[in-house]
A.B. asks: 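Would you mind keeping the following structure in view while I ask a few things?
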Amino acid sequence: MEKEYNHREIETKWQKFWKENKFYETKDQDGNKPNFYALVEFPYPSGNLHIGHWYAFAVPDIFVRAKRMGGYNVMFPIGFDAFGLPAENAAIKNKVDPRKWTYENIAYMEKQLQSMGNSFDWSRKVITSDPEYYKWTQWLFLKLYEKGLAYKKKAIVNWCPSCNTVLANEQVVAGKCERCDREVIQKDLEQWFFKITDYAERLLSDMENLNWPEEIKTAQKNWIGKSDGTELEFEVASSQHLVFSEKIKVFTTRADTLFGVTYLVLAPEHPIIEKLKSKIENLNEVEKYIKETKAKTEIERTDAKKKKTGIKLEGIVAINPVISGTGREVPIFVADYVLGNYGTGAVMAVPAHDERDFEFAKKYNLEIREVISGGNISVESYTGEGVLINSREFDGINSEEAREKITEKFGEKVTKYKLRDWLLSRQRYWGCPIPIVYDSKGKPHPIPEENLPWLLPEDIKDFAPKGESPLGSSKELKKRVEKIFGSSSDRWKPEVDTMDTFVDSSWYFNRYTDSKNEKEFANKEKLKLWMPVSRYSGGAEHTNMHLLYSRFFHKALFDLGLVNESEPFIKRMNRGLILGPDGQKMSKSKGNVIDPDEMVKKVGSDTVKMYLAFIGPYNETGQYPWDFGGIVGIRRFLERVWKIVQKIEEQDTKYEIREEKSDIKTSNSKLIGLLHKTIKKVTEDIENYKFNTAISAMMIFLNELEHIPNVSKTVFDTFLKLLAPFAPHITEEIWTNLRHKTSIHLEKWPEYDESKIKEENTVIAIQINGKVRGQLEIKTEASEETVKERALKSTEIQKWLGNNKPKKVIFVPNRIINFVI
RNA sequence: GCCGCGGUGGCGGAAUGGUAGACGCGCACGACUCAAAAUCGUGUCUCGCAAGGGGUGAGAGUUCAAGUCUCUCCCGCGGCACCA
């Protein structure tokens with residue numbers, strides 16, 4: 001074996017070997033091995049692999065390799081989430097075809113990914129911008145459309161007046177356009193939506209069965225934002241007490257405060273304003289207020305810190321259904337702090353028991369009527385619960401009971417969610433075309449299935465957004481529509497928007513199970529073999545978007561009978577973030593970017609991968625700064641492993657004849673014990689994604705191994721197998737050098753023997769009143785009596801005890817004996 | 001404001017309620033060397049010559065025993081944010 005650890009040579013060699021021998025192409029079934037589906041979020045082909053990709057892919061590969069050695073038939077697929085804005089921006093900036101830009105990036109990144117030495121199954125690769133893929137995105141869209149889960153409606157969207165385009169919520173930063181810093185405005189547009197709100201309850205309740213970190217579950221819970229409450233109707237009357245037929249429905253979670261209502265507030269977009277137009281005496285001012293509200297961005301409008309504004313509707317009043325006589329008629333306001341898209345768009349205001357209403361009432365000098373005791377409403381609102389007062393027959397009962405009784409008598413029990421429908425239309429070129437055409441009346445019709453994939457037209461020169469999707473300028477698309485639906489002038493119009501890329505990524509994990517199927521998005525039997533995903537690793541930023549969208553999509557497919565289960569991901573792990581050496585987020589402008597290619601060249605892929613695994617616990621979403629010093633520690637470790645092999649090889653030639661027998665003799669039992677302890681620790685830590693402590697256990701073992709004169713080959717072989725998932729190249733090289741005929745990665749994962757972990761002697765701490773006063777080395781599993789006897793003999797302990805007799809003795813086997821005096 | 005996560009050496013981080021600081025980095029000293037690097041060895045929370053004392057954001061509590069459990073507070077990070 002070579003004296004020097006030449007990582008470049010070794011890594012290239014084995015990567016080639018694994019590839020040529022199709023090592024990681026997974027069969028759908030392999031003997032009686034159980035299938036295991038390990039998934040990582042597929043990357044966007046930005047053009048360059050950064051350290052974050054390494055952290056996202058190389059570290060879970062440790063788990064995957066260990067699982068494979070552990071006897072599972074593991075599928076670990078990879079692909080590209082290839083549609084999206086950056087390609088289009090590059091196209092506009094550099095006048096290149098987004099298609100060309102994307103596919104060149106993919107080719108380059110694939111090469112970079114190869115250098116990682118991951119055990120990816122490339123044969124199942126999916127690229128979301130391939131027509132073979134997006135054909136099925138479109139097909140699934142149409143299935144959802146048929147079921148009424150995809151629909152079109154007018155909606156208010158974020159619009160950047162200088163970029164001339166719709167922005168996704170995440171592209172709006174503090175009310176400004178992410179790219180040009182221009183103030184974002186609101187615009188009314190016809191848009192496609194998925195009816196995710198229909199699934200709110202199931203998305204919420206099905207979380208119980210998911211083995212996901214609690215933090216993700218609570219984040220999704222908050223996002224869905226369920227609240228149980230009551231809907232109540234208020235009649236509307238003129239100031240002359242003439243009751244109109246229109247009523248105002250309000251939603252409240254505090255029906256117990258109904259007697260404290262002193263006014264109603266409508267959202268500016270509430271339809272009743274239009275209906276009662278002729279009755280409103282100050283209509284001009286009201287319309288002016290509404291217009292002003294619309295000019296505001298949603299961010300501005302929903303800023304809770306902003307002072308509340310509103311305007312009273314003169315000439316009309318609302319009637320509190322529970323009050324007769326004074327206080328029965330209450331004024332109605334329009335105010336932008338009430339949202340049109342939540343609840344009923346109208347609220348009953350109870351200033352005594354709601355902070356916002358209190359603030360508003362103070363400003364406009366409105367009545368504050370206390371109905372729940374317990375607070376001091378002359379100072380501030382009291383939002384807690386309590387006993388009802390000023391509420392007639394409900395006086396004296398508590399809030400909870402009152403809510404039920406009042407709801408039963410005057411209203412209706414309802415549940416509301418904060419979750420909004422998923423807006424999927426994008427006025428963009430580089431996305432999956434929405435397979436819809438419109439007839440002369442503007443009614444949408446699906447593209448017939450035989451015409452899928454509904455191709456993204458290629459005759460577009462200008463990708464710059466002009467307010468309408470670039471697809472609108474395609475002659476080819478128009479012709480295609482005419483060909484299918486008839487050429488009688490321009491009666492039929494194609495949909496020109498494309499889909500949000502989150503649609504592409506909401507079902508890709510299904511496609512991996514059957515990525516080449518031309519007849520189905522995935523065969524149901526194949527799906528059954530792999531789905532649901534056994535373990536999904538990814539970034540915390542996807543908690544409320546990708547993960548929620550995917551869950552919704554999968555449930556919809558389940559209801560359509562297309563998949564076999566209603567949840568796609570059994571277990572989810574969120575990883576942390578790698579920061580620059582300065583502890584800041586890596587960014588070109590800060591100049592703190594670590595280039596993985598460069599690092600790999602310098603120290604090798606095994607070292608980079610292992611360092612990332614060592615940097616901190618992978619099962620927590622911490623932030624870990626890159627440390628050049630830290631990585632040399634790992635490199636040193638691998639070099640020491642390399643070196644110790646030379647020692648074994650020397651011995652091996654010396655003891656060639658009794659090669660396999662020499663092991664037990666030359667290894668002392670202490671080392672064997674440590675080996676089994678190490679197997680246990682590494683096995684368990686890998687399962688829990690605590691790779692950092694697994695590595696430290698292997699370091700401890702190596703430290704010990706280096707101090708043993710004769711290193712047994714089988715002991716070392718076992719150690720090497722533990723290391724194999726962490727450092728696949730170097731271990732493969734050493735393994736063959738040790739004259740093994742087959743790959744180390746096809747070896748069986750070592751098993752530990754609990755009985756061998758126990759050492760002969762254990763050091764027990766002797767405490768007096770909980771303070772350590774001495775130590776005692778004694779036979780493992782020694783009884784309390786023995787330990788006590790030996791401990792009390794110690795002069796040190798005698799000194800501390802003096803004439804005191806222990807009142808109490810606490811004994812924890814193999815750990816501690818504590819004398820309480 | 002609400003929700004979630006966290007706060008341990010010079011640094012990244014270890015610790016089923018049971019000897020805090022494993023492992024790695026850094027640093028110091030030593031060996032090897034003409035010398036340096038690399039490598040190897042020893043040491044490295046803190047005060048103290050020592051015996052011993054103190055120490056896991058602050059304060060209280062439970063316990064024979066608290067980094068770990070409970071309460072109050074402070075700080076940092078992430079998410080949501082007028083959701084009635």
Side-chain angles (χ1 to χ4, degrees), chain A residues 213-223 225-227 229-230 250-254 257 265 267 299 301-306 308 335-339 341-350 353-357 359-360 383 416-420 540-541 543-544 574 576-577 579 581 583 611 614-617 620-634 636-637 639-640 643 690 692-703 706 763-776 799 806-821:
Chain A
E214 275 313 307
E215 60 204 88
I216 306 183
K217 287 196 195 177
T218 41
Q220 291 207 352
K221 254 176 226 162
N222 292 342
W223 187 265
K226 178 178 179 170
S227 49
T230 308
V250 300
F251 173 71
T252 180
T253 54
R254 293 297 302 270
T257 63
V265 191
I299 290 100
R301 207 185 127 179
T302 56
D303 181 3
K305 286 179 208 104
K306 163 194 93 145
K308 292 187 177 24
D336 66 359
Y337 79 88
V338 173
L339 307 172
N341 52 15
Y342 181 78
T344 59
V347 300
M348 56 178 227
V350 187
H353 305 292
D354 182 282
E355 270 177 59
R356 295 153 302 184
D357 298 343
E359 187 195 329
F360 194 81
T383 57
K416 299 280 180 193
Y417 303 89
K418 286 190 211 173
L419 187 70
R420 297 182 198 175
E541 69 274 19
T543 298
N544 286 335
N574 272 5
L577 201 67
L579 304 174
Y611 170 63
F614 189 59
I615 204 165
E620 286 170 27
T621 55
Q623 306 198 345
Y624 311 105
W626 182 273
D627 175 21
F628 291 102
I631 199 165
V632 311
I634 295 291
R636 270 180 210 157
F637 170 76
E639 273 171 9
R640 279 160 58 203
K643 230 187 232 165
K690 287 160 94 175
N692 55 334
T693 44
I695 292 170
S696 98
M698 289 189 287
M699 284 171 167
I700 292 169
F701 184 78
L702 183 69
N703 289 347
E706 282 174 331
V763 179
I764 288 178
I766 309 167
Q767 295 184 336
I768 290 166
N769 288 340
K771 277 198 188 287
V772 180
R773 294 305 183 192
Q775 287 187 335
L776 179 67
K799 196 180 80 194
K807 273 189 259 168
K808 200 172 164 188
V809 180
I810 287 127
F811 176 68
V812 183
N814 299 324
R815 289 219 178 249
I816 242 166
I817 185 153
N818 186 12
F819 298 102
V820 184
I821 56 174

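Just so you know, these numbers use all the heavy atoms, side chains as well, and skip hydrogens, waters and symmetry mates. Note that the structure is a prediction, hence the values are computed from the model and not measured. Reminder, nothing fancy here: chain letters follow the sequence lines and each chain counts from 1.
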A.B. asks: Identify, with sequence neighbours excluded, every residue that meets side-chain hydrogen bond (donor to acceptor under 3.5 Å, both in side chains) alongside A/Asn692.
C.D. replies: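 side-chain hydrogen bond (donor to acceptor under 3.5 Å, both in side chains) list for A/Asn692, sorted by chain: empty.
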A.B. asks: Just the atom pairs and distances: protein N or O near nucleotides 2-10 of chain B's N or O, under 3.5 Å.
C.D. replies:
residue	atom	partner	partner atom	Å
B/C3	O2'	A/Asn222	ND2	3.1

A.B. asks: Under the rule for side-chain hydrogen bond (donor to acceptor under 3.5 Å, both in side chains), what residues qualify as partners of A/Arg254, not counting sequence neighbours?
C.D. replies: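 In terms of side-chain hydrogen bond (donor to acceptor under 3.5 Å, both in side chains), with neighbours along the sequence ignored, A/Arg254 is linked to A/Asp256.
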A.B. asks: Among residues 342-350 of chain A, which residues get a heavy atom nearer than 4.0 Å to RNA chain B?
C.D. replies: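 Heavy-atom contacts with RNA chain B come from A/Tyr342, A/Val347.
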A.B. asks: Return the set of residues passing ring-ring contact (aromatic ring centres under 6.0 Å, His included) with A/Tyr624 (not counting sequence neighbours), or none when no residue passes.
C.D. replies: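 For A/Tyr624, no residue satisfies ring-ring contact (aromatic ring centres under 6.0 Å, His included) once neighbours in sequence are set aside.
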A.B. asks: Please determine if a side-chain N or O atom of A/Lys690 lies less than 4.0 Å away from the OP1 or OP2 oxygen of B/A15.
C.D. replies: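 So the side chain of A/Lys690 is within the cut-off, an N or O lying under 4.0 Å from OP1 or OP2 of B/A15.
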A.B. asks: For A/Phe614, what residues pass the ring-ring contact (aromatic ring centres under 6.0 Å, His included) criterion, not counting sequence neighbours?
C.D. replies: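 If we apply the ring-ring contact (aromatic ring centres under 6.0 Å, His included) test to A/Phe614, skipping adjacent residues, there are no hits.
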A.B. asks: Pick base, sugar-phosphate or nothing for A/Lys771, based on heavy-atom distances below 4.0 Å to the nucleic acid.
C.D. replies: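 It contacts sugar-phosphate atoms only.
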A.B. asks: Name all residues meeting the ring-ring contact (aromatic ring centres under 6.0 Å, His included) criterion together with A/Phe819; count only those two or more places apart in sequence or in a different chain, and write none if there are none.
C.D. replies: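 ring-ring contact (aromatic ring centres under 6.0 Å, His included) check on A/Phe819 returns nothing, list empty.
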A.B. asks: For B/C80, does OP1 or OP2 lie under 4.0 Å from any side-chain N or O of A/Asn544?
C.D. replies: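 For B/C80, OP1/OP2 do not have a side-chain N/O of A/Asn544 under 4.0 Å.
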A.B. asks: Determine the contact category for A/Thr543: base if any of its heavy atoms lies under 4.0 Å from a base atom, sugar-phosphate if only primed atoms, P, OP1 or OP2 are that close, otherwise nothing.
C.D. replies: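 Nothing, no heavy atom under 4.0 Å.
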A.B. asks: Which atoms of nucleotides 45-52 of chain B (N or O only) lie under 3.5 Å from a protein N or O atom, and what are those distances?
C.D. replies:
none

A.B. asks: Write down the distance separating the P atoms in B/G54 and B/C73, rounded off to the nearest Å.
C.D. replies: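 It works out to 29 Å between them.
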A.B. asks: Heavy atoms under 4.0 Å is the rule here; annotate nucleotides 16-21 of chain B 5' to 3' with B where the base is hit, S where only the sugar-phosphate is, and - elsewhere.
C.D. replies: B-BB--
A.B. asks: Pair up each side-chain donor or acceptor in residues 766-774 of chain A with any protein partner under 3.5 Å, not counting sequence neighbours, and list the distances.
C.D. replies:
residue	atom	partner	partner atom	Å
A/Asn769	OD1	A/Ile821	N	3.0

A.B. asks: Might you list the N or O atoms of the protein lying below 3.5 Å from N or O atoms in nucleotides 24-27 of chain B, with each pair's distance?
C.D. replies:
residue	atom	partner	partner atom	Å
B/G24	OP1	A/Asn703	ND2	3.4
B/C25	OP1	A/Arg636	NH1	2.6

A.B. asks: Mind checking side-chain hydrogen bond (donor to acceptor under 3.5 Å, both in side chains) for A/Glu639 and listing every partner two or more places apart, or none if nothing turns up?
C.D. replies: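 Applying side-chain hydrogen bond (donor to acceptor under 3.5 Å, both in side chains) to A/Glu639 gives A/Arg635.
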